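Predicted model, so just to flag it, every value in this text is computed and none were measured. Letters A, B, ... are given to chains in the order of the sequence lines, protein chains preceding strands, and every chain is numbered from 1.
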2 protein chains.
Amino acid sequence: MTTRARGLHTHVLESLGLAITAGEYPPGSVLRTDELAQRFDVSRTVVREVIRVLESMYLVESRRRVGVTVQPAEQWNVYDPQVIRWRLAGADRPRQLRSLTVLRSAVEPVAAGLAALRATPAQCADLTEQALGMVATSRGRQLEAYLVHDVAFHRIVLNASGNEMFARLGDVVAEVLAGRTHHQVMFPDPDPAAVTLHVRVAEAVRARDTAEAERLTREIAVGALQELDVLAP
Amino acid sequence: MTTRARGLHTHVLESLGLAITAGEYPPGSVLRTDELAQRFDVSRTVVREVIRVLESMYLVESRRRVGVTVQPAEQWNVYDPQVIRWRLAGADRPRQLRSLTVLRSAVEPVAAGLAALRATPAQCADLTEQALGMVATSRGRQLEAYLVHDVAFHRIVLNASGNEMFARLGDVVAEVLAGRTHHQVMFPDPDPAAVTLHVRVAEAVRARDTAEAERLTREIAVGALQELDVLAP
DNA sequence: GTGATTTAAAAGTCATACTTTTGTGGACCT
DNA sequence: AGGTCCACAAAAGTATGACTTTTAAATCAC
């Protein structure tokens, strides 16, 4: 089973999306709907619906009389969670992971600063709880448990920022952190300095110390980037 | 003519996308495909393709036996350029403009810093050229000409950062700047301080002064946010 | 009332026929 | 040789109708 049995549409979409983002079809390649229908053994209807979706992601462009042409990577909507997943699953995972981490390093400090301004008491409490959870699981090869708290922590910060664009990056951050834990060669225990920083961010947010929350989060980001340089140069 | 005569699919997609993002269908509303087909006077085929695209944007969810349900705004893929356009054209343009500006304020300084590291000589020259163009058009009610240079300037910075995620925000920035010029009540001439800052950013990038480029761009961002607070409180 | 069973509503899939756009190649002219 | 125009055909776009599958909800049995 290549993918879940979630319908023909999903299956074809997944296969094609993965193949294209993996660079199996060089930009400019031309696909024809009939040919695809035959290849996947589905009706042209299904293929057309898939093509329309891929088109909305700027992975392909469909033109009459010529066919469906694969677009160059610069066109792709790299913010589409689906595209992100495909790319993380494919060949240029390292590049993707890096550019996402750089994005995080830009966004999260600002988000943390805003969170310090706007976080509700409940969010503050939740944040502290996750930070403590990170401390508790930071030793003894409990990477999976640590990951859960880490993801939750960053999600709360992004949500508490009150900015919808930031909030929607929660899934991206989750993917990056999960990717780091699962596919990157990683140390058996997370960096203690990073753990401490998370605790201090939680404190700064609760104390409404915008500048400090931003500064500390920036430190976390720098750490993440350095880690990436060390482990995947 | 509501939209360009670019095909039935495009027309229906545009209408529905606009309506949904405008909040005309409260979250949880249910649409039925054959009803839509009838309403737009197109075949079910066309409607289904549109639904599939809207689904990939997380604007709707299609389930058997129940129909196509409109998703709450928190689900929407707010990074999809299409969604951004729809929202900017619709009712919550102000909110959208604000959250995009906040995003810019996070991303662009970091992008400028990276650009200072990586910009090619050609990009440096181009950047300077655009900055000078901004100076030249900053007086005498030449807002349109100014806008062109402004957009070009920020696009170059984002591209020169060498990060694909940043580069793809060029269109977003263009939309925001255009929106500010066209729909916001704006001063007859741009803020002279902002113009100067752009020139200095260009200089910093050429001088490979990462920290300065980042700092100056942050100043521009702060200015943009303040402007938003003054004009659309 | 609770749980199993039937029912029907809506999306999902398929096959086919037809329309529209548009590259391409060839005829024709200069 | 080179350009213009035109007819052809290829491929996507659209429409229609029949059939399948899922599943919410109504019905029935206990």
Side-chain angles (χ1 to χ4, degrees), chain A residues 1-17 19-20 25-72 75-76 82, chain B residues 1-17 19-20 25-72 75-76 82:
Chain A
M1 78 201 99
T2 9
T3 35
R4 265 165 280 279
R6 217 158 55 222
L8 300 182
H9 174 83
T10 308
H11 175 247
V12 176
L13 179 63
E14 213 69 12
S15 305
L16 268 182
I20 293 173
Y25 304 94
S29 310
V30 176
L31 312 171
R32 262 160 304 115
T33 51
D34 307 322
E35 186 228 317
L36 292 173
Q38 206 169 358
R39 175 137 68 86
F40 287 101
D41 192 34
V42 296
S43 70
R44 207 160 68 92
T45 311
V46 170
V47 172
R48 285 188 47 73
E49 287 170 11
V50 168
I51 295 300
R52 281 261 132 96
V53 171
L54 292 176
E55 208 172 14
S56 87
M57 297 167 173
Y58 299 95
L59 295 194
V60 302
E61 191 184 46
S62 176
R63 286 176 58 198
R64 275 176 151 134
R65 167 69 212 229
V66 36
V68 177
T69 54
V70 176
Q71 296 293 101
Q75 295 289 320
W76 301 349
Q82 194 81 200
Chain B
M1 81 202 88
T2 11
T3 34
R4 266 166 279 281
R6 216 157 55 221
L8 300 183
H9 174 84
T10 308
H11 175 247
V12 175
L13 179 63
E14 214 69 12
S15 305
L16 269 181
I20 292 173
Y25 303 94
S29 309
V30 176
L31 311 170
R32 262 160 307 115
T33 51
D34 25 12
E35 185 227 318
L36 291 172
Q38 206 168 358
R39 176 137 68 86
F40 286 102
D41 192 34
V42 295
S43 71
R44 210 160 67 90
T45 311
V46 170
V47 172
R48 284 188 48 73
E49 287 171 11
V50 168
I51 295 300
R52 280 263 134 93
V53 172
L54 292 175
E55 208 173 15
S56 88
M57 297 167 173
Y58 299 96
L59 295 193
V60 302
E61 190 184 46
S62 177
R63 287 176 58 200
R64 276 176 153 138
R65 166 70 212 228
V66 37
V68 177
T69 55
V70 177
Q71 296 293 101
Q75 295 289 321
W76 301 349
Q82 194 82 198

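Proximity of A:Gln82 to A:Val53: side-chain heavy atoms (C-beta onward) are nowhere separated by under 4.5 Å. Between B:Ile20 and B:Trp76 the shortest side-chain heavy-atom distance falls below 4.5 Å. The closest side-chain heavy-atom distance from A:Val50 to A:Phe40 is not below 4.5 Å. Using a 4.5 Å heavy-atom threshold, the side chains of B:Gln38 and B:Leu36 count as separate.
How far CD of A:Glu61 is from CD of A:Gln75: 8.5 Å, rounded to the nearest 0.5 Å.
Of the residues in residues 30-40 of chain B, none lies under 4.0 Å from DNA chain D by heavy-atom distance. Within residues 44-54 of chain A, the residues that place at least one heavy atom under 4.0 Å from DNA chain C are, in residue-number order, A:Arg44, A:Thr45, A:Val46.
A sub-4.0 Å separation between OP1 or OP2 of C:dG23 and a side-chain N or O of A:Arg63 is present.
Residues satisfying the salt bridge (charged side-chain N to carboxylate O under 4.0 Å, His left out) test with A:Arg44, not counting sequence neighbours, are A:Asp34. Evaluation of the salt bridge (charged side-chain N to carboxylate O under 4.0 Å, His left out) rule for B:Arg52 yields A:Glu49, B:Glu55 as partners, not counting sequence neighbours. A:Tyr25 pairs by the side-chain hydrogen bond (donor to acceptor under 3.5 Å, both in side chains) definition with A:Arg39, not counting sequence neighbours.
The minimum heavy-atom distance linking A:Val66 with A:Val30 is given by the pair O-CG1, 3.3 Å.
Nucleotides of DNA chain D lying under 4.0 Å from heavy atoms of chain A occupy a range whose first and last members, 5' to 3', are D:dA9 to D:dT14.
As rounded to whole Å, 8 Å separates atom P of C:dC14 from atom CG of A:Asp41.
B:Leu54 pairs with exactly one of B:Val68, B:Leu59, B:Val12, B:Leu31 by the side-chain contact (heavy atoms from CB on, under 4.5 Å) rule, that one being B:Leu59.
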